[in-house]
Amino acid sequence: MYQKTLKKSFSLAGRGLHTGREVSIKVSSAPVDSGIIFKRTDKALSEAFIKASFENVTETFLRTELSNKFGTCVTTAEHLLAAFAGTGIQNALIELDASEIPILDGSSRVFVREILKAGIIEQNKALSVFEVIKPLRVEDGKSWAEIRPAKKFSIDFQIEWPGTALGKQSLDISIVNGTFVRELCDSRTFCKKGDVDRLRSEGFALGGGIENAIVVDKGSFAALNGLRYRDECIRHKILDALGDLSLIGKPILGKFISYSGGHKITNLLLREAFSRGNIFRSKNSSREDRDKLPGFDISNDDLERLYES
């Protein structure tokens, strides 16, 4: 199997979830071994580039923010990162004229649709993966996250919001072939109704509303056109986790498990894994890995469904 990039570029525009500011982005192909690279077009060229790496994560409260050594940042990157990981894109350049990736409908759906519309091509370099060879668990208060060996990539997530309509949700799902496109990419971000005013007073969620987020109250959910899945919230947590895990730079062959986790603990897990040096083994992918990883078995039917939904 080989690395992949886009056949042609595409552009999108919208508001940032937290800043509320308008931003335009252009997503283009990139050479082999580039990884995912962000370029701030409103900054001097010498300070504009930020590599999508767990080592460049500088903020994890409510979003994943990446920064370079000059302090140039790109924030709320997780939904776009998940779209790349879920469609098997390893190399891409994202140009943007402000700091925050547009929230769009609050999911990865529009990003995935535009990626599939632009087309995906294989490049002339073998795809390598990180195979989990030893389990590792990290904790942060009552939250924890774990990575362990497995024959295919999957995420097992559980959250509990007592006293709300969400209650307790859990999902263990293998994210292989087109699973992300068909079952996860359109799951939207969410928050508690009681937190909205406080977050806005602190400078967050300034671009948020029921058009791009699910608002969870004590006995009900508020969302544009209702919930897309009964368990849409846990599906979005898995979407976020995929985006954050992609910052490792290669597909993962293993299982990720988390209880009440988020951007912070996923990043802690990756940092700890690489500081130990014996959790992952890099290996060239083989044809047998095709059914063990995201980004394969995606068809024009999937693209049509994303236009209809």
Using ring-ring contact (aromatic ring centres under 6.0 Å, His included) as the criterion, list what pairs up with F180, not counting sequence neighbours.
none

Using the test side chain to side chain contact (heavy atoms under 4.5 Å, CB included), find all partners of E139 that sit at least two apart in sequence or belong to another chain.
R137, W144

With sequence neighbours excluded, residues passing side chain to side chain contact (heavy atoms under 4.5 Å, CB included) with K283:
V129, E131, L253, D289

Before giving the answer on side chain to side chain contact (heavy atoms under 4.5 Å, CB included), spell out for F221 and V215 the whole-Å C-alpha distance, their side-chain angles and the decisive distance to 0.1 Å.
CA-CA 6 Å; F221 297 95; V215 179; over 6 Å; no

Could you pull out all residues at least two apart from D42 that satisfy side chain to side chain contact (heavy atoms under 4.5 Å, CB included)?
R40

Taking only residues two or more places apart in sequence, or in another chain, which ones meet F61 in a ring-ring contact (aromatic ring centres under 6.0 Å, His included)?
F204

So, E78 and R63, do they make that salt bridge, N to O below 4.0 Å?
no

Test question: given the 4.5 Å side-chain rule for I, L, V, M, F, W and Y, name all other residues clustered with I103, or answer none.
L17

Can you pull the side chain to side chain donor-acceptor pair (under 3.5 Å) pairs that have at least one residue in residues 88-99, sequence neighbours excluded?
Q3-N91, N91-Q123

Atom pairs and distances, donor-acceptor, side-chain atoms in residues 25-32, under 3.5 Å, two or more places apart:
none

Can you tell me how far the NE2 atom of H236 sits from the CD1 atom of I159, to the nearest 0.5 Å?
10.0 Å

Show me the donor-acceptor pairs within less than 3.5 Å that the side chains of residues 190-197 make with the rest of the protein, sequence neighbours left out.
none

Should side-chain heavy atoms under 4.5 Å link Ile, Leu, Val, Met, Phe, Trp and Tyr, which residues sit in the same cluster as F49?
I37, L45, L93

Any chance you could lay out the side chain to side chain contact (heavy atoms under 4.5 Å, CB included) test for D240 and F157, step after step, and finish with the verdict?
CA-CA 11 Å; D240 277 350; F157 217 111; over 6 Å; no

To which residues is Y229 joined in a hydrophobic cluster, defined by side-chain heavy-atom contacts under 4.5 Å among Ile, Leu, Val, Met, Phe, Trp and Tyr, whether direct or through other members?
none

Partners of K168 by side chain to side chain contact (heavy atoms under 4.5 Å, CB included), sequence neighbours excluded?
Q158, E160

